[in-house]
Amino acid sequence: MSGPQCCANPPTLNPTTRGGHVENLGGLNTYVNGSPHSKLAVLLVSDVYGYEAPNLRKLADKIAAAGFYAAVPDFLHGDPYVPNAGRTLQDWIKDHGTDKAFEEAKPVIQAIKSKGITAIGASGFCWGAKVAVQLAKREFIQAAVLLHPSFVTVDDIKAVEVPTAVLGAEFDQISPPALLKQFEEVDGYVKIFPKVSHGWTVRYNVEDKSAVKCAEEAHQNMLEWFAKYVK
């Protein structure tokens, strides 16, 4: 399911590498940060706006500062969704299926493991949550966090094989609280954040203190989940 909320508050993309750098991992350009000597990693799967979104890279830096090797692959191959550019979101999604990204994630994970990393968590945002939940079904990873997920179904949650947390928004037409409560009844941990909308964890306005606070709470919850299960 996709809709206007999926595209709300588009970020201004910026290839600046901040504290990390871009390298090829498993055939994909990937923003990475954190010690290569860490035994623990977190794979971040972006929303439709891709791996150059500044708030996403900032989050990767925060994860790295917590002791993980953070990796943000470009599963969109340099073609993030651009609103009002003559291509509808539905048409864009046809060219960027989550099944394809799931297959591309496998060599990325192998490349991460080749660095000596022994445990990996995956966080997926909106579109990326579908990729993360697919990884969680077959134990490619040790834990998953799905943030304001799109396309994720109750059957997906039933099939997960690793600890999976879902962080959702009170105002979300794509994954409304009623659906998230079904996820909770099946398995795992679900937290619904009040007074926020779909995309709030990575598409917040950095000048809005309230929005930043809500996003940072979700980031902390995600880090706590990985600290508990990615060992």
Between [X] and [Y], what is the shortest heavy-atom contact and its length?
{"X": "Tyr31", "Y": "Asp61", "answer": "OH-OD1, 2.6 Å"}
{"X": "Leu179", "Y": "Val152", "answer": "CD2-O, 4.1 Å"}
{"X": "Phe151", "Y": "Ile93", "answer": "CZ-CD1, 3.6 Å"}
{"X": "Asp208", "Y": "Ser210", "answer": "OD1-N, 3.1 Å"}
{"X": "Ile112", "Y": "Ala41", "answer": "CG2-CB, 3.8 Å"}

* Give the ring-plane orientation class for Tyr81 versus Trp92, where under 30° counts as parallel, over 60° as perpendicular and anything between as tilted. => perpendicular

- Just checking, is any N or O donor in the side chain of His96 or Asp79 under 3.5 Å from an acceptor N or O on the other one? yes

Side chains of Asp155 and Lys158, heavy atoms from C-beta outward: is any pair under 4.5 Å? yes

Q.
With a 4.5 Å cut-off on side-chain heavy atoms, are Ile63 and Phe226 touching?
A. no

Residue pairs passing the side-chain hydrogen bond (donor to acceptor under 3.5 Å, both in side chains) test with at least one member in residues 222-231, sequence neighbours excluded, are Gln220-Glu224

For [Y], is there any backbone N or O sitting under 3.5 Å from a side-chain donor or acceptor partner on [X]?
{"X": "Thr30", "Y": "Ala71", "result": "no"}
{"X": "Thr164", "Y": "Val162", "result": "yes"}
{"X": "Ser35", "Y": "His37", "result": "yes"}

From [atom1] ([X]) to [atom2] ([Y]), nearest 0.5 Å:
{"X": "Asp47", "Y": "His198", "atom1": "CG", "atom2": "NE2", "answer": "7.5 Å"}
{"X": "Asn221", "Y": "His219", "atom1": "CG", "atom2": "NE2", "answer": "10.0 Å"}
{"X": "Phe193", "Y": "His148", "atom1": "CZ", "atom2": "NE2", "answer": "10.0 Å"}

- Message: Heavy-atom count check: over 12 atoms from other residues, nucleotides or ligands less than 6.0 Å from Lys191 NZ?
- Response: yes

- Query: Hey, is NZ on Lys195 packed in by over 12 heavy atoms from elsewhere, all under 6.0 Å?
  - Reply: no

One thing to verify: whether Asp91 and Lys94 come together as a salt bridge, which I'm taking to mean a side-chain N less than 4.0 angstrom from a carboxylate O. yes

Can you give the donor-acceptor pairs under 3.5 Å from side chains of residues 137-147 to other protein atoms, not counting sequence neighbours?
unit_1: Lys137; atom_1: NZ; unit_2: Asp156; atom_2: OD1; d: 2.7
unit_1: Gln142; atom_1: OE1; unit_2: Ile120; atom_2: N; d: 2.7

Hydrophobic cluster membership, with links at side-chain heavy-atom distances under 4.5 Å among I/L/V/M/F/W/Y: are Met222 and Val160 in one? no

